[in-house]
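Note sheet for the following structure.
Positions are given from 1 along the sequence. Start at 1 and go down the list; that is how both ligands and their atoms are numbered.
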Amino acid sequence: MSTTIELNNTAYKGSISVKTNLFIDGKWVDPAKPDTIDVVNPATGKKIATVSVGDKADVNLAVKAAQKAYKTSWGLKTPGWTRGKLLLKLADLLERDQDQFAALESLNAGKPFHVAKAADVAGSIRCIRYFGGWADKIHGSTIETTEQRLAYTRHEPFGVVGQIIPWNFPLLMLSWKVGPALATGNCIVLKPSEMTPLSALKFCELVEEAGFPPGVVNIITGYGLTVGVAIAEHMEISKVAFTGSTLVGRKVLEASARTNLKVVTLELGGKSPSIIFDDCNLEQTIKWVLQAMYGNMGQSCVAGSRVFVQEGIYDEFIAKFTPAVKALSQATGDPFHPDTQHGPQASQVQFDRIMGYINAGKEAGATVHLGGDRHGTEGFFIQPTIFTDVTMDMKIVKEEIFGPVAAILKFKTEEEVIALANDTVYGLSAYVYSDNTARSHRVAHAIESGSVFVNLAQYTDAAVPFGGYKSSGIGREHGEYALETYTQVKGVHINLGMII
Ligand SMILES: NC(=O)C1=CN([C@@H]2O[C@H](COP(=O)(O)OP(=O)(O)OC[C@H]3O[C@@H](n4cnc5c(N)ncnc54)[C@H](O)[C@@H]3O)[C@@H](O)[C@H]2O)C=CC1
Ligand code: BAL
């Protein structure tokens with residue numbers, strides 16, 4: 001099964017073919033129980049394609065294929081340099097086809113094409129290349145015990161790992177998962193979001209072309225309650241990596257406890273603070289705050305959605321931030337138009353959820369300073385929105401909205417803002433804006449979150465660990481830390497002549 005998508009706009013002209021069934025054991029197969037889902041363009045609300053959806057039986061087949069590959073042609077059977085070579089080839093192929101992938105992300109997830117290309121696709125290439133470089137550098141160490149013994153460690157793969165990813169960065173989240181898992185020698189059964197499967201399916205074609213042995217990468221499109229649950233509960237999957245809501249993250253952890261105690265890493269929600277001190281460079285800060293808040297239409301786990309502004313600069317900040325958000329509003333529209341900076345929300349469900357939060361903010365007595373409504377009449381567009389006159393107990397300040405909705409709060413002192421910023425169940429990211437170096441470090445250290453950006457926004461890098469404190473997650477992606485989460489350590493003890 002396949003579909004051909006024809007595009008004819010300034011950003012992309014041409015056709016893109018996508019195979020639309022399941023990728024198991026290096027083959028394109030139909031699901032055991034025939035079923036499909038329509039994939040929608042969020043800019044229009046119209047269908048783009050129909051893809052297969054799998055079920056538990058397909059997950060079982062994929063796990064079997066992955067186990068076989070692990071024992072025969074991957075894992076400890078394949079030297080790191082071979083795995084690395086294949087990953088580097090995969091990164092090159094992705095780079096070759098970067099426009100196609102950017103077009104698919106734009107069409108299926110509503111991202112402005114130029115952003116999809118510069119951020120999502122470029123970040124994916126960088127991530128796969130980065131982990132390709134690690135594949136032959138994974139090693140244990142020797143440990144001194146006594147003269148009669150030798151002890152050393154091995155960092156061994158888990159075997160088959162399950163990966164469940166969301167719709168906000170379909171290709172990027174796939175790369176964050178696939179890169180370290182393959183570099184460390186694991187085989188994969190991955191489920192993309194049912195809403196945004198196209199780039200993951202296209203990616204499988206590159207996996208084939210790069211020459212990965214069959215069964216090393218298996219991708220099953222489908223729903224969370226069927227394919228996702230089957231992965232989370234599978235007795236032969238030894239590790240699951242999940243990105244998505246805190247609600248489902250808990251279920252994945254519970255499934256592990258109920259079944260085989262598989263290792264679970266979770267990358268979940270956030271309600272990150274942007275902290276703007278009187279002594280910041282305001283022109284620069286406005287740009288970063290805008291990006292941290294409205295980047296990817298606010299559908300980012302690291303969105304800086306609680307904007308704390310120190311009282312001395314509050315009025316000036318509002319006066320300068322407002323026109324910047326208005327300009328973003330005016331650049332809202334067709335994701336393929338070169339001037340577009342802000343696209344639609346990814347789905348009707350997310351649109352409704354965000355509008356629900358906006359209404360809750362209005363009902364709670366917050367002031368809609370800007371936006372607060374849908375944009376246009378077609379698709380799932382929401383105006384970039386600013387709420388002022390908010391209090392810490394309001395739902396729009398406490399809960400992750402995952403949309404273009406900022407809550408702006410005023411603070412007096414450094415001590416006060418640290419307490420306010422930490423007053424959340426989440427701890428994924430934080431942004432600090434100040435030209436006082438000592439203060440920036442002090443606040444960065446005091447904030448309870450896995451990442452802190454100083455005078456910068458949302459710049460994750462494949463080499464730097466990423467993950468959450470508190471309810472934002474368990475484990476780290478990226479960097480050398482990601483290798484740890486995809487390997488288990490074995491201690492080997494050798495007798496060098498000790499006779500009892
Ligand atoms: N940390 C992040 O990057 C993300 C956070 N979210 C948060 O979650 C909220 C809800 O978005 P959803 O799409 O509903 O997130 P979700 O957590 O339901 O979906 C994420 C992935 O989990 C799968 N899934 C759903 N239920 C499952 C289950 N019981 N077992 C295993 N897998 C399951 C989905 O099919 C999808 O592939 C968003 O508004 C946002 O607040 C959503 C997406 C990404
Ligand atoms: N989930 C990692 C990237 C992001 O949502 O911003």
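Residues Val397 and Lys271 come closest through the heavy atom pair O-CE, 3.3 Å.
Looking from atom 1 (N) of ligand 2 to the surrounding protein, the closest heavy atom is Glu267 OE1, 2.6 Å. Regarding atom 6 (O) of ligand 2, its nearest protein heavy-atom neighbour is Ser300 OG, 2.5 Å. Counting protein heavy atoms only, atom 32 (N) of ligand 1 is closest to Gly228 CA, 3.6 Å. Regarding atom 4 (C) of ligand 2, its nearest protein heavy-atom neighbour is Cys301 SG, 3.0 Å. Among all protein heavy atoms, the one lying closest to atom 43 (C) of ligand 1 is Pro166 CB, 3.5 Å. Ser245 OG, 3.6 Å is the protein heavy atom nearest to atom 16 (P) of ligand 1. Of all protein heavy atoms, the one closest to atom 27 (C) of ligand 1 is Val248 CG1, 3.3 Å. Atom 25 (C) of ligand 1 has its closest protein heavy atom at Gly224 CA, 3.6 Å. Closest protein heavy atom to atom 11 (O) of ligand 1: Arg353 NH1, 3.2 Å. Protein heavy atom at the shortest distance from atom 39 (O) of ligand 1 is Gln350 NE2, 3.2 Å. For atom 12 (P) of ligand 1, the closest non-hydrogen atom of the protein is Trp167 NE1, 3.8 Å.
Atoms of ligand 1 lying under 4.0 Å from any heavy atom of Cys301, numbered from 1 in the order shown and given with element: 1 (N), 2 (C), 3 (O). Of all atoms in ligand 1, numbered sequentially from 1 with element shown, those under 4.0 Å from a heavy atom of Ile165 are 21 (C), 36 (C), 37 (O). When each atom of ligand 1 is checked for a heavy atom of Thr243 under 4.0 Å away, the hits are 1 (N), 2 (C), 3 (O), 20 (C). Ligand-side atoms of ligand 2 in range of Asn168: 5 (O), range being under 4.0 angstrom from any heavy atom. For ligand 1, the atoms sitting less than 4.0 Å from at least one non-hydrogen atom of Glu400 are 7 (C), 40 (C), 41 (O), numbered in the order shown with element in parentheses. In summary, the atoms of ligand 1 found under 4.0 Å from a heavy atom of Ile164, numbered by their order in the structure, are 21 (C), 22 (O), 23 (C), 31 (C), 32 (N), 37 (O). Under a 4.0 Å criterion applied to the non-hydrogen atoms of Glu194, ligand 1 contributes the atoms 34 (C), 35 (O). The distance from ligand 1 to the heavy atoms of Phe242 drops below 4.0 Å at these ligand atoms: 17 (O), 21 (C), 22 (O). Every atom of ligand 1 with a heavy atom of Glu267 under 4.0 Å away is listed here by number and element: 1 (N). Here is the list of ligand 2 atoms found below 4.0 Å of a heavy atom in Trp176: 2 (C).
Contact analysis puts Met173 in contact with ligand 2, with a non-hydrogen atom separation below 4.0 angstrom.
Under 4.0 Å from ligand 1, not a single heavy atom of Ala232 appears. For Asn168, every heavy-atom contact with ligand 1 shorter than 4.0 Å involves the side chain, none the backbone. Neither the backbone nor the side chain of Leu247 comes within contact range of ligand 1; no heavy atom lies under 4.0 Å. At a heavy-atom cutoff of 4.0 Å, ligand 1 is contacted by no atom of Gln299, backbone or side chain.
Looking at Met195 next to ligand 1, no N or O pair under 3.5 Å apart turns up. Checking only distances, Gln299 never comes within under 3.5 Å of ligand 2, N or O to N or O.
Between Phe453 and the choices Tyr459, Phe466, Tyr431, Tyr433, the ring-ring contact (aromatic ring centres under 6.0 Å, His included) rule is met once, by Tyr431.
There is a side-chain donor-acceptor pair under 3.5 Å between Asn60 and His234. No side-chain donor-acceptor contact under 3.5 Å links Ser429 and Ser272. A donor and an acceptor atom, one from each side chain of Trp28 and Glu208, are located under 3.5 Å apart. Remark: the Thr367 side chain and the Asp389 side chain contain an N/O donor-acceptor pair separated by less than 3.5 Å. Judged by distance alone, the side chains of Asn359 and Glu363 never bring a donor and an acceptor atom under 3.5 Å apart.
Distances from atom 37 (O) of ligand 1 to the protein include at least one heavy-atom value under 4.0 Å.
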